[in-house]
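Values below: all heavy atoms of this structure, side chains included; hydrogens, waters and symmetry mates excluded.
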Amino acid sequence: KQRTNYIAKKILKNYLNSQMQSNHIVIQLDIGQGTQWGNNQTINPIREIFIPSVKDYCSKFNYDYLLVTESVYEKNYTKFDFLETKKKHYSFERYFYFNNDYDFTIYIDNDVYIYPDAQELPEIKGLMNVREPEGNSSKIFREINNLKNDTKYFNSGVTFCDNYTANRLSKYMIHRLNNKIRSKGKNSDNMLLNEFIIENINIFQELGSEWNYMPFLQNSNKILKPNFFHFVGITGKQIINELQKNKIDILDFLREIKKI
């Protein structure tokens, strides 16, 4: 089994390298139902609006783009017994693709919309994520790991890495998967990433919230010019469905919310 996984990783890395035209690669996932939250109605804007906005952004700034639609995990591990649910395993898929030769690897959740006037990616050093607004997950994370009250909790939905860190993060996550070393607290990819951060704080930098704006989360702070707008979690998917239910154009909503 280990040899099979090694061969699979080599094939993936060779494939990515053969497609390389830029020193940046932007990775997204659309496997199975496409989202671990919401329903069939939720996926339509993701596939028709959000993912195309990321593709347009990559075209504008000449970043390579990869949309993953098949599960490496399912082919090589068969049992969905590492994370809490089968759909959460699909969110883990990103780490199979972080093992590459690109100078910079960028992962973006498929429920993120990129505005047409979004800035070019910032200089990327180490691992970079946006702090998640204070909530239940951050409290659980601090308590279970005996951390100080001012320890920040970061959202994995937008992740920037340089080459060294992307490959290190890939090896770290796959090692934990192979050895069933689950996260403490919530058994999720987000808590796994935060455990990596506290173990590797010397290579971590906090991103500004304009790169992963999460206004629907409690305790979120308003910002004026978001680049990436994230319909994160259950609440974000409920809003997507409510907009469609009330026949409100989602692009109009995204334009108007910047003005509020």
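Summarising the local packing, CD of Glu199 is surrounded by more than 12 heavy atoms from other residues, nucleotides or ligands at distances under 6.0 Å. In Asn149, the CG atom is not crowded: 12 or fewer heavy atoms of neighbouring residues, nucleotides or ligands sit closer than 6.0 Å.
Separating the CG atom in Leu254 from the OG atom in Ser53 is a distance of 8.5 Å, to the nearest 0.5 Å. We find the CD1-OH distance between Ile27 and Tyr97 to be 8.5 Å, quoted to the nearest 0.5 Å. Going from atom CD1 of Ile240 over to atom CG of Asn44 covers 10.5 Å, rounded to the nearest 0.5 Å. Put simply, CD1 on Ile197 and CG on Leu193 are 4.5 Å apart, with the number rounded to the nearest 0.5 Å. Rounded to the nearest 0.5 Å, atoms CG (Asn155) and CG (Asn194) are 9.0 Å apart. Put simply, CG on Asp30 and CD on Glu93 are 12.0 Å apart, with the number rounded to the nearest 0.5 Å.
In terms of modelled atom types and a separation under 3.5 Å, the side chain of Arg182 and the main chain of Leu83 share no donor-acceptor contact. In terms of modelled atom types and a separation under 3.5 Å, the side chain of Glu195 and the main chain of Lys184 share a donor-acceptor contact. Although no hydrogens or angles enter the test, the distance criterion places no donor-acceptor pair under 3.5 Å between the side chain of Ser170 and the main chain of Asn167. Here the side chain of Lys237 pairs a donor or acceptor atom with the backbone of Gly233 at under 3.5 angstrom. The main-chain N or O of Phe104 is never found under 3.5 Å from a side-chain atom of Asn163 such that the two would form a donor-acceptor pair.
Connection of Tyr73 to Ile181 is not established within any shared hydrophobic cluster, with ILVMFWY side chains joined at heavy-atom distances below 4.5 Å, either directly or through further cluster members. If you chain together hydrophobic residues whose side chains sit under 4.5 Å apart, Met128 and Phe61 fall into the same group. In the hydrophobic cluster analysis, where Ile, Leu, Val, Met, Phe, Trp and Tyr join through side-chain heavy atoms closer than 4.5 angstrom, Ile223 is grouped together with Ile114.
Residue pairs that meet the side chain to side chain donor-acceptor pair (under 3.5 Å) test with at least one member in residues 213-227, sequence neighbours left out, are Gln119-Asn227. Residue pairs that meet the salt bridge (charged side-chain N to carboxylate O under 4.0 Å, His left out) test with at least one member in residues 53-67, sequence neighbours left out, do not exist here. Residues in residues 148-175 take part in these salt bridge (charged side-chain N to carboxylate O under 4.0 Å, His left out) pairs, two or more places apart or across chains: Lys152-Glu206.
With sequence neighbours left out, the ring pair (Phe, Tyr, Trp, His ring centres under 6.0 Å) criterion links Phe216 to Phe229, Phe231. In this structure, the salt bridge (charged side-chain N to carboxylate O under 4.0 Å, His left out) partners of Lys258, at least two apart in sequence or on a different chain, are Asp117. Residues passing the ring pair (Phe, Tyr, Trp, His ring centres under 6.0 Å) test with Tyr65, sequence neighbours excluded: none. For Arg142, the salt bridge (charged side-chain N to carboxylate O under 4.0 Å, His left out) test picks out Glu134, with sequence neighbours left out. Partners of Lys79 under the salt bridge (charged side-chain N to carboxylate O under 4.0 Å, His left out) rule, at least two apart in sequence or in another chain, do not exist in this structure. For Tyr115, the ring pair (Phe, Tyr, Trp, His ring centres under 6.0 Å) criterion is met by Tyr113, not counting sequence neighbours. Listed by chain and number, the residues in a ring pair (Phe, Tyr, Trp, His ring centres under 6.0 Å) with Tyr164 amount to none (sequence neighbours excluded). For Pro122, the side chain to side chain contact (heavy atoms under 4.5 Å, CB included) partners at least two apart in sequence or on another chain are Phe160, Leu207, Trp211.
Residues Phe154 and Phe204 place their aromatic rings such that the two centres sit under 6.0 Å apart.
Counting heavy atoms from C-beta on, the side chains of Ile49 and Leu251 come closer than 4.5 Å. Under the 4.5 Å side-chain criterion, counting only non-hydrogen atoms from C-beta, Arg94 is not in contact with Met173. Ile46 places a side-chain heavy atom less than 4.5 Å from the side chain of Ile51. Between Pro133 and Met214 there is a side-chain heavy-atom pair separated by less than 4.5 Å. You'll find the side chain of His230 stays beyond 4.5 Å of the side chain of Val130, heavy atoms only. Residues Ile106 and Ile124 have side chains in contact (heavy-atom distance under 4.5 Å, counting atoms from C-beta outward). Under the 4.5 Å side-chain criterion, counting only non-hydrogen atoms from C-beta, Asn110 is not in contact with Phe50. Using a 4.5 Å heavy-atom threshold, the side chains of Ile31 and Val68 count as touching.
In this structure, Phe98 and Tyr107 have tilted ring planes: the angle between them lies in the 30° to 60° band. Ring-plane geometry between Tyr63 and Tyr57 is classed as tilted, the angle between the planes lying from 30 to 60 degrees on a 0 to 90 degree scale.
In this structure, Tyr102 and Met20 approach most closely via the heavy-atom pair OH-CA, 3.1 Å. Here the shortest heavy-atom pairing between Cys161 and Leu169 reads SG-CD2, 4.2 Å.
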Checklist entry - Does the pair Glu74 and Tyr90 meet the rule for a side-chain contact (heavy atoms from CB on, under 4.5 Å), with working shown? => result CA-CA 9 Å; Glu74 191 163 10; Tyr90 291 151; 3.4 Å; yes

Item to check | Leu192 vs Phe92, side-chain contact (heavy atoms from CB on, under 4.5 Å): CA-CA, chis, key distance, verdict | outcome: CA-CA 10 Å; Leu192 280 172; Phe92 185 92; 4.2 Å; yes

Checklist entry - What's the verdict on side-chain contact (heavy atoms from CB on, under 4.5 Å) for Asn200 and Leu127, showing C-alpha distance, side-chain angles and the deciding distance? => result CA-CA 9 Å; Asn200 298 273; Leu127 172 65; over 6 Å; no

Item to check | Residue pair His24, Asn62: steps toward the side-chain contact (heavy atoms from CB on, under 4.5 Å) verdict | outcome: CA-CA 8 Å; His24 293 74; Asn62 297 312; over 6 Å; no

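Counted by atom type alone, Asn100 and Thr105 present one or more donor-acceptor pairs between their side chains at under 3.5 Å. Between Asn187 and Glu84, the side chains place no donor N or O within less than 3.5 Å of an acceptor N or O (distance only, hydrogens not considered). Side-chain contact of Asn129 with Thr159: a donor-acceptor pair under 3.5 Å is present, judged by distance alone.
For the side-chain hydrogen bond (donor to acceptor under 3.5 Å, both in side chains) with Asn190, the qualifying choice from Ser156, Ser137, Ser91 is Ser156, the only one to do so.
With side-chain heavy atoms closer than 4.5 Å counting as contact, directly or through intermediates, the hydrophobic cluster containing Tyr153 also holds Ile140, Phe141, Leu147, Met191, Ile198.
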